[in-house]
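Only this structure's heavy atoms are used, side chains among them; waters, hydrogens and symmetry mates stay out.
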Amino acid sequence: MFPRLLLGLAGLIFLGYGIFCWIDPEQPAKLAGLFIATHNGYAEIAAMYGGLQASFGAILIASAFLKGYLRPGLWLLVICIGTLAIARGSVAFSNFDSSFRVEGSSLGIAMSSGFTAYTWGALAFESLLALLALYALIKTRKQ
């Protein structure tokens with residue numbers, strides 16, 4: 001039950017966000033801090049943020065319901081969303097600035113990043129989703 005629910009819910013999220021991005025490419029671009037300079041840019045954002053995510057969501061939903069597609073759908077989530085999280089995290093954490101200083105008897109720790117809540121939220125979502133899919137994949141192996 002959990003694996004099907006995970007695939008269905010993730011599919012609805014990706015399908016909905018994909019349709020949103022397809023209809024209005026400026027919104028995801030703004031959220032990600034991107035500037036669309038040409039008509040080609042609008043087509044690219046609509047295709048990659050819209051079309052690709054909508055189709056990915058539809059595949060996940062189909063995987064939740066079609067016999068024999070449960071484990072392949074989970075593998076798709078683990079691989080695609082896992083590598084997406086790894087790529088995003090490798091950039092986000094490489095630019096993470098932390099400094100430590102000791103003054104008197106207190107330890108001061110300062111951490112900063114130029115990334116917004118969009119990047120950290122996406123990274124958390126992708127990481128959690130990939131880990132949940134991995135757990136579901138392991139759980140379905142024993143059945």
Legend entry - Closest non-hydrogen atom pair, T83 against C80: OG1-O, 3.2 Å

Legend entry - Hydrophobic cluster identity match, Y118 and V91, side-chain contacts under 4.5 Å: no

Legend entry - Heavy-atom side-chain contact between I59 and S63 under 4.5 Å: yes

Legend entry - Separation between CD of Q27 and CD1 of I45, rounded to the nearest 0.5 Å: 12.0 Å

Legend entry - Verify same cluster id: L60, L128 (apolar side-chain graph, 4.5 Å): yes

Legend entry - Path from I79 to L6 over hydrophobic side-chain contacts below 4.5 Å: yes

Legend entry - Verify same cluster id: F20, I36 (apolar side-chain graph, 4.5 Å): yes

Inset, instruction - Compare every heavy atom of R71 with every heavy atom of R141, then report the nearest pair and how far apart it is. - result: N-NH1, 3.4 Å

Inset, instruction - Is it possible for you to say whether I61 and F2 belong to one hydrophobic cluster, with membership spreading through side-chain heavy-atom contacts below 4.5 Å? - result: no

Legend entry - Euclidean distance, D24 CG relative to I19 CD1, rounded to 0.5 Å: 14.0 Å

Legend entry - Residue that, paired with L129, satisfies side chain to side chain contact (heavy atoms under 4.5 Å, CB included) out of L84, I81, L134: I81

Legend entry - Spacing of CG belonging to L7 relative to CG belonging to L12, to within rounding of 0.5 Å: 11.0 Å

Legend entry - Neighbour count >12 (heavy atoms, 6.0 Å) for atom OH, Y17: yes

Inset, instruction - Could you name each residue pair satisfying ring-ring contact (aromatic ring centres under 6.0 Å, His included) that touches residues 41-65, not counting sequence neighbours? - result: F14-F56

Inset, instruction - Using atom types as modelled and distance alone, determine if a side-chain donor or acceptor of S90 lies under 3.5 Å from a backbone N or O of A87. - result: yes

Legend entry - Nearest-0.5 Å distance that lies between atom CZ in R4 and atom CG in L70: 4.5 Å

Inset, instruction - For L74 and P3, work out which heavy atoms get closest and say how close. - result: CD1-CB, 3.9 Å

Inset, instruction - Give a yes or no on whether Y135 atom OH has more than 12 heavy-atom contacts from other residues, nucleotides or ligands under 6.0 Å away. - result: no

Legend entry - A64 to G8 - nearest heavy-atom pair and separation: CB-N, 3.8 Å

Inset, instruction - Please examine the side chains of L123 and F93, heavy atoms only from C-beta on, and report whether any two atoms are closer than 4.5 Å. - result: yes

